[in-house]
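For reference, the structure is listed below as structure tokens.
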Amino acid sequence: MVWFLCVCVFLVVGLALLALHLKLRRKSVHGLQEPPGLPALPLIGSLLSLRSPHPPHVLFKELQQKYGQTYSLMLGSHRVIIVNHHTHAKEVLMKKGKIFAGRPRTVTTDILTRDGKDIAFGDYSSTWRFHRKIVHGALCMFGEGSAAIEKIVCAEAQSLCSILSEASASGLALDLSPELTRAVTNVICALCFNSSYQRGDPEFEAMLSYSQGIVDTVAKDSLVDIFPWLQIFPNADLHLLRQCVGVRDQLLQNQYDKHKADYSDHVQRDLLDALLRAKRSAENNNSAEISADSVGLSDDHLLMTVGDIFGAGVETTSTVLKWAVAYLIHYPQVQRHIQEELDTKVGLDRAPQLSDRGSLPYLEATIREVLRIRPVAPLFIPHMALSDSSIGDFSVRKGTRVIINLWSLHHDEKEWKNPELFDPGRFLNSEGTGLIIPSASYLPFGAGVRVCLGEALAKMELFLFLSCILQRFTLTVPAGHPLPSLEGKFGVVLQPAKYKVNTTPRPGWERNNQPC
Ligand code: STR
């Protein structure tokens with residue numbers, strides 16, 4: 001009898017859940033169907049279907065075969081739509097950019113950004129828009145637009161090359177990572193704080209490790225972000241994240257206090273001065289619209305934004321440089337081609353400068369190819385629908401998270417011939433003289449309302465660092481070491497594994513030590 005009752009209850013509950021599932025599935029916005037979905041169980045969502053030896057961007061690309069280019073899944077109780085094709089990606093980012101400009105709040109990003117007071121992870125609002133506008137203005141003034149930044153980048157490239165020279169003289173195989181990171185960090189330091197780090201500076205060492213700690217723990221779909229209630233249990237990752245964020249915040253706070261103490265309306269030394277000025281002038285402005293906007297633009301907001309610029313500026317550019325070097329070692333013919341181009345267009349008597357960009361198309365094509373084959377952020381940062389909407393013919397309910405799988409866009413076999421092959425030539429016209437973007441399925445810096453703010457600065461740095469290095473050195477794998485792995489470690493940025501490099505000075509370079 002008891003058994004019979006149990007079976008009945010089981011059947012009734014099962015049928016009820018099935019009915020609910022079908023009802024939810026049919027329920028749609030504007031009469032459209034919801035995207036096909038992965039199986040989902042109550043509470044744990046689609047977790048069982050997401051077990052895989054592959055990192056999420058690769059798994060999401062594979063799942064297209066079964067569910068189509070756009071499909072949905074449940075992460076715990078959150079509905080997530082995965083977009084794998086460029087037409088839908090552009091609809092989300094550009095055509096309906098404002099509707100999808102939201103950001104989900106997660107445990108880890110809230111810790112990093114004081115509950116979303118930054119730009120990258122902060123939700124869409126009038127404060128956010130105003131905040132982004134002033135950062136954009138300040139970056140234009142101190143970043144891409146200024147000749148000063150070119151000088152700074154060139155000086156850093158120069159000092160990086162001196163260190164590579166020392167290493168090559170001693171015949172040591174070198175892990176380029178800390179050197180590249182220091183060079184990129186110093187550019188951002190100069191830009192933000194008008195300061196820089198010498199080799200071995202303890203503050204710089206502290207920064208290297210806190211930044212890695214943050215990359216290892218933040219926004220990588222860790223379980224606490226899916227199930228926030230897991231925070232009640234001791235969690236080593238969260239502990240590490242809090243500790244790293246604490247160190248970072250102290251560092252930022254010191255700079256902020258210094259800048260506030262000797263701030264003057266007349267001189268703007270760096271980006272932080274420019275941000276302080278924009279904040280003050282907004283506060284003093286009587287115009288109803290602006291003062292309403294500026295409400296909430298607290299010290300925390302500026303601090304968190306400087307943290308973003310710092311984190312993004314350092315982690316992304318240094319990661320791309322490491323990927324570029326890894327690929328140049330794997331493809332020595334590409335390296336030779338760039339060096340021949342440098343030899344004929346720049347020569348050995350002077351360092352490359354930004355104005356050479358137009359005459360070095362093969363190097364530019366190589367940078368584009370690195371950004372395609374190993375995108376810095378293969379899933380970008382998740383978006384969130386701010387109202388009911390649609391993607392293609394599928395309905396999307398308000399609050400749904402939308403993940404654009406940039407990896408799928410950049411590795412789409414229909415768009416790219418042999419996508420796993422590293423071939424800078426695909427970004428050149430048939431004569432090899434001019435740059436092209438051969439496919440619409442290419443968005444290394446995103447697009448739309450939340451497009452990367454540092455795109456111009458990043459491109460400038462990649463060009464100057466790589467051209468300076470390749471003008472003077474040939475990069476090879478040291479005897480007895482394996483080739484760098486091209487696989488990558490998934491996180492908020494896709495980082496290459498550590499590897500060692502030999503830097504051999506190119507013939508003729510030793511004689512010419514022209515500074516930038
Ligand atoms: C890196 C580590 C750190 O110290 C601070 C940040 C905050 C900004 C993040 C950055 C991170 C990683 C790369 C991000 C960037 C904002 C935009 C950029 C996510 C976590 C990308 O979208 C690639």
Side-chain angles (χ1 to χ4, degrees), residues 57 93 101 103-104 106-123 128 131-132 135-136 139 181 184-185 188-189 192 203-222 225 237 240-253 255 300-323 370-371 374-383 403-407 410 443-455 457-459 461-462 488-495:
H57 53 282
L93 297 175
R103 286 282 195 234
T106 64
V107 175
T108 55
T109 55
D110 273 0
I111 293 174
L112 180 68
T113 64
R114 303 195 180 162
D115 301 334
K117 293 202 182 62
D118 69 331
I119 292 182
F121 299 103
D123 203 2
W128 180 88
H131 194 178
R132 185 173 157 114
V135 175
H136 182 70
L139 264 174
T181 309
V184 173
T185 305
I188 293 287
C189 268
C192 291
E203 191 170 284
F204 172 69
E205 301 299 324
M207 236 183 66
L208 278 189
S209 68
Y210 88 61
S211 199
Q212 189 58 48
I214 295 176
V215 173
D216 286 342
T217 50
V218 91
K220 46 190 276 187
D221 282 330
S222 48
D225 282 343
D237 270 8
L240 175 66
L241 177 60
R242 288 206 175 91
Q243 204 182 339
C244 292
V245 169
V247 178
R248 179 196 74 159
D249 287 357
Q250 191 55 55
L251 228 126
L252 293 177
Q253 189 71 51
Q255 287 287 358
D300 268 7
H301 281 92
L302 284 203
L303 212 62
M304 291 301 106
T305 283
V306 177
D308 263 11
I309 297 174
F310 224 89
V314 171
E315 286 306 327
T316 54
T317 314
S318 60
T319 299
V320 182
L321 287 172
K322 285 184 252 174
W323 279 123
V370 173
L371 291 168
R374 289 297 176 267
V376 180
L379 298 179
F380 290 130
I381 303 175
H383 288 250
I403 291 180
I404 311 281
N405 190 357
L406 184 61
W407 183 265
H410 284 187
L443 292 176
F445 294 92
V449 196
R450 284 188 179 266
V451 67
C452 172
L453 278 171
E455 175 170 350
L457 178 63
K459 286 179 169 164
E461 287 188 80
L462 294 173
K489 180 173 121 200
F490 176 79
V492 66
V493 287
L494 182 70
Q495 291 178 322

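Reckoned from all heavy atoms, side chains included, excluding hydrogens, waters and symmetry mates. In this text, all values refer to a predicted model and were calculated from it rather than measured experimentally. Counting convention: from 1, in listed order, for ligands and their atoms alike. Sequential numbering from 1 along the given sequence is applied to the chain's residues.
With respect to atom 13 (C) of ligand 1, the closest heavy atom belonging to the protein is Val493 CG1, 3.8 Å. Shortest contact from atom 6 (C) of ligand 1 to any protein heavy atom: Gly311 CA, 3.8 Å. In terms of protein heavy-atom proximity, atom 19 (C) of ligand 1 is closest to Val492 CG2, 3.6 Å. Ala120 CB, 3.5 Å is the protein heavy atom nearest to atom 16 (C) of ligand 1. Given atom 15 (C) of ligand 1, the protein heavy atom at minimum distance is Ala312 CB, 3.7 Å. Among all non-hydrogen protein atoms, the one lying nearest atom 8 (C) of ligand 1 is Asp308 OD1, 3.7 Å. In this structure, atom 9 (C) of ligand 1 lies nearest to the protein heavy atom Phe121 CE1, 4.2 Å.
Nearest to atom 20 (C) of ligand 1 by heavy-atom distance, out of Val218, Asp118, Val314, is Val218.
Remark: atom 1 (C) of ligand 1 lies closer than 4.0 Å to at least one protein heavy atom.
Listed by chain and residue number, Tyr442 satisfy the ring pair (Phe, Tyr, Trp, His ring centres under 6.0 Å) test with His410 (two or more places apart in sequence, or in another chain). Qualifying ring pair (Phe, Tyr, Trp, His ring centres under 6.0 Å) partners for Phe445, counting only residues two or more places apart in sequence or in other chains: none.
Thr317 places no side-chain N or O within 3.5 Å of a backbone atom of Val314 that could act as its donor or acceptor partner. The backbone N or O of Ala101 lies less than 3.5 Å from a partner atom in the side chain of Arg450, making a donor-acceptor pair. A donor-acceptor pair under 3.5 Å is formed between the side chain of Trp128 and the backbone N or O of Ile119. Between the side chain of Arg103 and the backbone N or O of Ala120 there is at least one donor-acceptor pair closer than 3.5 Å. A donor-acceptor contact shorter than 3.5 Å is absent between the side chain of Arg132 and the backbone of Leu453.
Taken from CG in Leu112 to CG in Leu241, the straight-line distance is 6.5 Å, to the nearest 0.5 Å.
Atom numbering of ligand 1 starts at 1 in the shown order; those under 4.0 Å from a heavy atom of Ala377 are 23 (C). Atoms of ligand 1 found under 4.0 Å from any heavy atom of Glu315, numbered from 1 in the order shown, are 1 (C), 2 (C). Near Thr316, with a cut-off below 4.0 Å to any heavy atom, the atoms of ligand 1 are 23 (C).
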